[in-house]
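As structure tokens, the structure follows; a few thoughts come after it.
All figures in this text were calculated on a predicted structure; none of them were measured in a lab. Values below: every heavy atom of this structure, side chains too, minus hydrogens, waters and symmetry copies.
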Amino acid sequence: MEAAKPLINAFKTKSKQATLLWLEGFREACCLHRVFILCHRSRKLLIRTGQCFLLNGFIFLGSIIILNSVIVPALHWILPDRCPEFCSQELCSFGGILKFYSFLRLGLIQLFYVTWFYPLYVFSIILSNIWYNDIAKYGFAAMGRSGPTTLDPVRQNEALALQIGAGTERPTGLGGVMIGIGEQVYSLLLLSCFFLEVYVTGFIPYAGKALNFLLLSWMYAYYCFEYKWNFSEVRLDKRLDFFESNWAFFAGFGSPCVLPVLFFSPLVSYGFMAILFPLFVLTATGSEAEQVISSQRTKWEVAGFGRLPIFNAADTLS
């Protein structure tokens with residue numbers, strides 16, 4: 001028992017450090033006042049953000065509300081699943097009519113999904129991704145940042161303190177372009193494999209829901225910061241090292257965006273996440289995550305926890 005005490009104390013220390021970093025990430029994500037500041041600085045940013053709200057909030061979520069509160073009750077009234085009191089009992093005694101009503105009602109609802117919801121869903125994904133890039137670009141410009149920066153890991157007392165600073169830039173000319181294209185292609189492949197990993201964990205019994213939420217939090221946090229790192233020309237290996245070395249912070253940052261998954265159906269949760277995502281892209285753009293993490297780590301008297309290979313499985317698949 002005495003021999004296990006150092007391990008227990010070390011576990012408690014690491015858990016406390018991870019919890020504090022998670023809370024810092026969650027707090028950084030909730031700094032939504034940055035969105036108003038950046039939108040006030042850039043009219044283009046305000047318009048793009050408003051368009052995202054209009055498409056994903058007013059049109060997409062509004063369509064779901066109309067379906068559930070107007071169309072479905074109207075179909076139940078026109079095509080009831082039980083015999084109304086004013087209807088002929090002889091007609092109702094023939095059970096086939098109620099089955100036909102049920103079949104027709106479900107068919108009309110599915111027709112609504114096929115002809116409106118699913119095309120709107122695909123259209124929303126394509127257009128929103130184009131707008132997200134514009135939102136990140138306008139937000140980055142509104143921050144007044146320019147020029148490439150590099151994430152440099154600096155280990156002091158075995159604790160990783162990462163900061164944005166001058167570093168080795170990409171080669172200029174064709175070589176730099178090819179490196180940039182290669183990193184984008186590999187990043188897309190890596191995140192696609194990671195998304196597959198997230199999807200599969202949802203089928204794990206008992207722990208699957210919690211694990212799925214954690215992986216989704218990491219995925220959305222990475223997406224939020226990736227725009228900023230792209231415009232800062234941060235190398236892919238530096239991004240992954242920074243992200244995996246501070247996994248607790250990014251788990252906290254991605255949590256608010258993924259919360260709708262716990263409470264709503266997939267379509268509704270997508271609508272809410274599509275509204276929230278550009279807001280967190282802007283909070284990530286305005287965030288000084290490197291300084292926040294570094295200041296938190298300097299308070300620790302012992303070495304921080306190490307790098308967690310979040311993308312290891314996806315990297316192997318890639």
So do W131 and T49 actually touch side chain to side chain, heavy atoms under 4.5 Å? no

Determine whether V261 and F264 fall in the same hydrophobic cluster, where Ile, Leu, Val, Met, Phe, Trp and Tyr are linked whenever their side-chain heavy atoms lie under 4.5 Å apart. yes

Transitively linked via ILVMFWY side-chain contacts under 4.5 Å: I109 with F103? no

Could you tell me if the ring centre of Y222 sits under 6.0 Å from that of F250? no

Shortest non-hydrogen contact between V281 and C224, atoms and distance: N-SG, 4.0 Å

On the 0 to 90° scale, with breaks at 30° and 60°, tag the F60-Y121 ring pair as parallel, tilted or perpendicular. tilted

For V258 and G254, work out which heavy atoms get closest and say how close. CG2-O, 3.2 Å

Donor-acceptor check, side chain of S42 to backbone of L38, threshold 3.5 angstrom: yes or no? no

Rounded at 0.5 Å granularity, tell me how far CG in L196 sits from OG1 in T201. 9.5 Å

Looking at every heavy atom in both V292 and R27, which two are closest together, and how far apart are they? CG1-NH2, 4.4 Å

So, E244 side chain and F311 main chain: donor-acceptor pair closer than 3.5 Å or not? yes

Evaluate the side chain to side chain contact (heavy atoms under 4.5 Å, CB included) criterion for residues Y113 and L67: first the C-alpha distance (whole Å), next the side-chain angles of each, then the deciding distance (0.1 Å), finally the verdict. CA-CA 10 Å; Y113 273 91; L67 173 67; 3.7 Å; yes

Rounded distance [0.5 Å steps], CG in L216 versus OG in S269: 9.0 Å

Using modelled atom types only, decide if a donor and an acceptor are shared between the side chain of N212 and the backbone of G208 within a distance under 3.5 Å. no

Distance-minimising heavy-atom pair for E28 and E288: OE1-N, 4.2 Å

Does the gap between the ring centers of F242 and F225 come in under 6.0 Å? no

Side chains of S287 and C31: closer than 4.5 Å at any heavy-atom pair? no

Interatomic distance, L282 atom CG to I37 atom CD1 [nearest 0.5 angstrom]: 11.5 Å

Non-hydrogen atoms of L276 and P260 that approach each other most closely: CD1-CG, 4.1 Å

Sub-4.5 Å side-chain heavy-atom contact between F277 and N56: no

Could you tell me whether a side-chain N or O of R41 sits under 3.5 Å from a main-chain N or O of A142, the two making a donor and an acceptor? yes

Salt bridge check: are K238 and E233 linked by an N-O gap of less than 4.0 Å? no

Under a 3.5 Å distance rule, please check whether Y132 uses its side chain to pair with a backbone N or O of A274 as donor and acceptor. yes

From the options I71, I65, I64, select the one residue that forms a side chain to side chain contact (heavy atoms under 4.5 Å, CB included) with N68. I64

Does any donor atom in the side chain of R239 or N230 lie under 3.5 Å from an acceptor atom in the other side chain? yes

Looking at W229, is its backbone amide N or carbonyl O close enough to the side chain of S232 to form a donor-acceptor pair, meaning the two atoms are under 3.5 Å apart? no

Do the non-hydrogen side-chain atoms of L55 and F123 ever get within less than 4.5 Å of each other? yes

Atom OG1 of T19 and atom CD of Q17: how far apart are they, to the nearest 0.5 Å? 10.0 Å

Kindly write out the residues that satisfy salt bridge (Lys or Arg N to Asp or Glu O under 4.0 Å) with R105, not counting sequence neighbours, or none if the list is empty. none

Same apolar cluster (I L V M F W Y, side chains within < 4.5 Å links), Y199/L191: no

Heavy-atom check, side chain of R307 versus side chain of D241, under 4.5 Å: yes

How far apart are the closest heavy atoms of A248 and L21, and which atoms are they? CB-CB, 3.9 Å

Shared hydrophobic cluster, L279 / F58 (ILVMFWY, side-chain heavy atoms < 4.5 Å): yes

If you take the centroid of each ring, where Trp contributes its six-membered ring, are Y223 and Y227 closer together than 6.0 Å? no

Is it the case that one hydrophobic cluster holds both F272 and F53, taking links as side-chain heavy atoms less than 4.5 Å apart, direct or via other members? yes

Tell me if a side-chain donor or acceptor on S294 pairs with a main-chain N or O of E290 at a distance below 3.5 Å. no

Hey, what do you get for NZ (K228) to CE (M143), rounding to the nearest 0.5 Å? 7.5 Å

So, the side chain of S124 versus the backbone of L120: is there a donor-acceptor pair under 3.5 Å, distance only? no

If you round to the nearest 0.5 Å, how far is CD1 of I130 from CZ of R48? 9.0 Å

Side chain of N129, backbone of I125: donor and acceptor closer than 3.5 Å? yes

Student check: side-chain heavy atoms of W218 and V198 closer than 4.5 Å: no

